[in-house]
Amino acid sequence: MRVPLLFGLHADPPPAVRWLLALLPFVLMLAIYLVASEIRHEANPQDKLLPTISQMVDAMQAAAFEPDRRSGNYLLWNDTLVSLQRLGLGVVIAAVGGLLLGLNMGLFPGLRGLAFSALTFVSMVPPLAILPILFIAVGIDEAAKVTLIVLGLLPTIARDMLMATEKIPAEQIAKSLTLGASQLALAYRIVLPQILPRLIESVRLALGAGWLFLIAAEAIASTDGLGYRIFLVRRYLAMDLIIPYVLWITLIGFLTDFALRWVLRRFFPWYHTGK
Amino acid sequence: MNSPVQHLLHVEDVHKQYGNKMVLDDVDLAVRQGEFCTVVGPSGCGKSTLLRMILGMERPTSGHLLIDGQPAGVPDATRGIVFQRYSLFPHLTALQNVMLGRELSCGLWERYRRRAEFRDEAMLFLERVGLAHSAHRYPHELSGGMQQRVAIAQAIILKPRILLMDEPFGALDPQTREELQLFMLELWEQSGMTVLFVTHDLTEAIYLGSRLFVLSQFYTDERGNGAHVNRGARIVADYQLSPTPAAPSAKDSKAFVTLAEEIRHLGFDPAYLQHVSDFTLHHPDAFQTLAPEQMRRGSSEG
Ligand SMILES: Nc1ncnc2c1ncn2[C@@H]1O[C@H](COP(=O)(O)OP(=O)(O)O)[C@@H](O)[C@H]1O
Ligand SMILES: [Mg+2]
């Protein structure tokens, strides 16, 4: 029987074809954009909606390499730095807090009894809906944005860590105790290292939501940051800056995910294969 | 003769119920130091349940479980355990798995100071189970038989009073299983440790044990046989076997085969019901705590 190249259940595309397949959607999107942009510019050279590549490059060059007239900052780098600081701080707090909470809830029935219903309840609150409360309670500066990210991510991460802890077989817990483990050692030397890779996976998934909360908070109340910039220049229909900014955010997200995957493979070789 | 203190393990009048279902129904047994006890019984009769209670993972519904005269309580270093699965920590190498017992029982500073010593000791144990060359491999890189060897090394490094094993070779292919049986007997001869070894494999039980318990729910007593009797398993037979390990060829000998048949008959045959008063309790340490309503009327046996 001939193995089909592309179509059907039994298709087995060779590596080169796989690469081409993966690239195809991007090439198509780019082509469609270029054609559409060309058509609009032919009709109206002043068109702002679908800027040409060179317009976007110009706008980005200005944002990256020319100091802003008002603040004297290099806008792109400044925006990137403050946004990453907010996101990083929020994600780290949510990850560490979620890890500790989930781990201890999974091991100690008393704490679980105390916190489980509350955690489930809190995780159902839509974080964006309480953003106004946050602004009132902690002000509109950095703390509010970081708090929003923490509130949005921590409950999910904690629940994921709780599930990961509960998945550790009771046999392993008993085994640790026969090897002389104290309850503290059990939690932090046996269980914690085993759920760390799961935490990384959890953070990978949570980062998307993290960006959402960050950009929302920056759009509503901020004076800098990637989200702030996009929503600011929207007023002038400055698509030549918005589109590269969005691509830039996407690239950062992609690189972060790639880095986390690398950490997982490099430092937790037993994960996945260890199951 | 049955004073609890004299025996390393003393189980008396132990019942275990899950919901309304009686799993263990008055289990009595006493084990001396140095015995290699095997436990066989039909699948689902409660062998693992009994082991988990001796380990301290679960508590009996009623009755006493004593180790060196002390209540079993929660799991601790007096007992070592080897399960069929989940015996090793997947995030640690073979060597780290074996060192763990030493490391966990001391503080951070001491752990750091005595690192080399622990490592050497763990290497010795790995050598003893023939796996020094795999010291730095993770459990998922080891075969099932190698994993169980590491698990045994890990469990005995703290020199537990009793080593509990729940079908440790149950997932292995026949050849590896035979290898590990030989290894286990060697280890037992050298160390003189006390072992309680659960298996569903009769041949394995007779071959390994210096003593053999049969746990079964197939028996009868004066409560009758209707569905209304919520009857759980008990020790229906207790054999004293040869205290010196036999060669693997013994598995084909006449005596061996006859004993296996007898056990299959009285423990595994739902149609053959021994009366509680007539259990095959040949071992001198065997005893029974029968409730009056179970005893044969007019009998003075106890
Ligand atoms: N945690 C539990 N909850 C309810 N029933 C259980 C539990 N553990 C075991 N059982 C039941 O107890 C019986 C004995 O189980 P087990 O000790 O695993 O048998 P064995 O090891 O002899 O095959 C089985 O019928 C099983 O369904
Ligand atoms: Mg079992």
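Lettering of chains follows the sequences in order, A, B, ..., and the numbering in each one begins at 1.
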B:Q148 and B:Q84: side-chain donor and acceptor closer than 3.5 Å? no

Please set out all donor-acceptor pairs under 3.5 angstrom arising from side-chain atoms of residues 44-52 of chain B, sequence neighbours excluded.
residue: B:K47; atom: NZ; partner: B:G41; partner atom: O; Å: 3.1
residue: B:K47; atom: NZ; partner: B:P42; partner atom: O; Å: 3.1
residue: B:S48; atom: OG; partner: B:D166; partner atom: OD1; Å: 3.4
residue: B:S48; atom: OG; partner: B:D166; partner atom: OD2; Å: 2.8
residue: B:R52; atom: NE; partner: B:E58; partner atom: OE2; Å: 2.6
residue: B:R52; atom: NH2; partner: B:Y18; partner atom: OH; Å: 3.2
residue: B:R52; atom: NH2; partner: B:E58; partner atom: OE2; Å: 3.2

Is it the backbone or the side chain of B:E141 that comes under 4.5 Å from a heavy atom of chain A, or both, or neither? neither

Do B:H10 and B:E12 meet the criterion of a side-chain donor-acceptor pair at a distance under 3.5 Å? yes

Determine whether the side chains of B:T199 and B:E167 contain a donor N or O and an acceptor N or O closer than 3.5 Å. no

By a 4.5 Å heavy-atom criterion (distance strictly below it), what part of B:L88 contacts chain A: side chain, backbone, both, or neither? backbone

Between A:L177, A:L196, A:I173, who has the most heavy-atom pairs with chain B when the cutoff is under 4.5 Å? A:L177

Does a side chain donor of either A:R159 or A:S123 reach within less than 3.5 Å of an acceptor in the other side chain? yes

If I measure from the heavy atoms of chain B, does A:I190 come under 4.5 Å with its side chain, its backbone, both, or neither? both

Looking only at heavy atoms and a cut-off of under 4.5 Å, which of B:S105, B:S87, B:G56, B:A155 has the most pairs with chain A? B:S87

Chain A contact via B:L55 - which portion, at a heavy-atom distance below 4.5 Å: side chain

Which bit of B:Y138 comes within less than 4.5 Å of chain A, counting heavy atoms only: side chain, backbone, both or neither? side chain

Top contributor to chain B interface from A:P169, A:S176, A:P197, A:A174 [non-hydrogen pairs under 4.5 Å]: A:P169

Axial cation check for B:F118 ring with B:R111, 6.0 Å and 45° limits: no

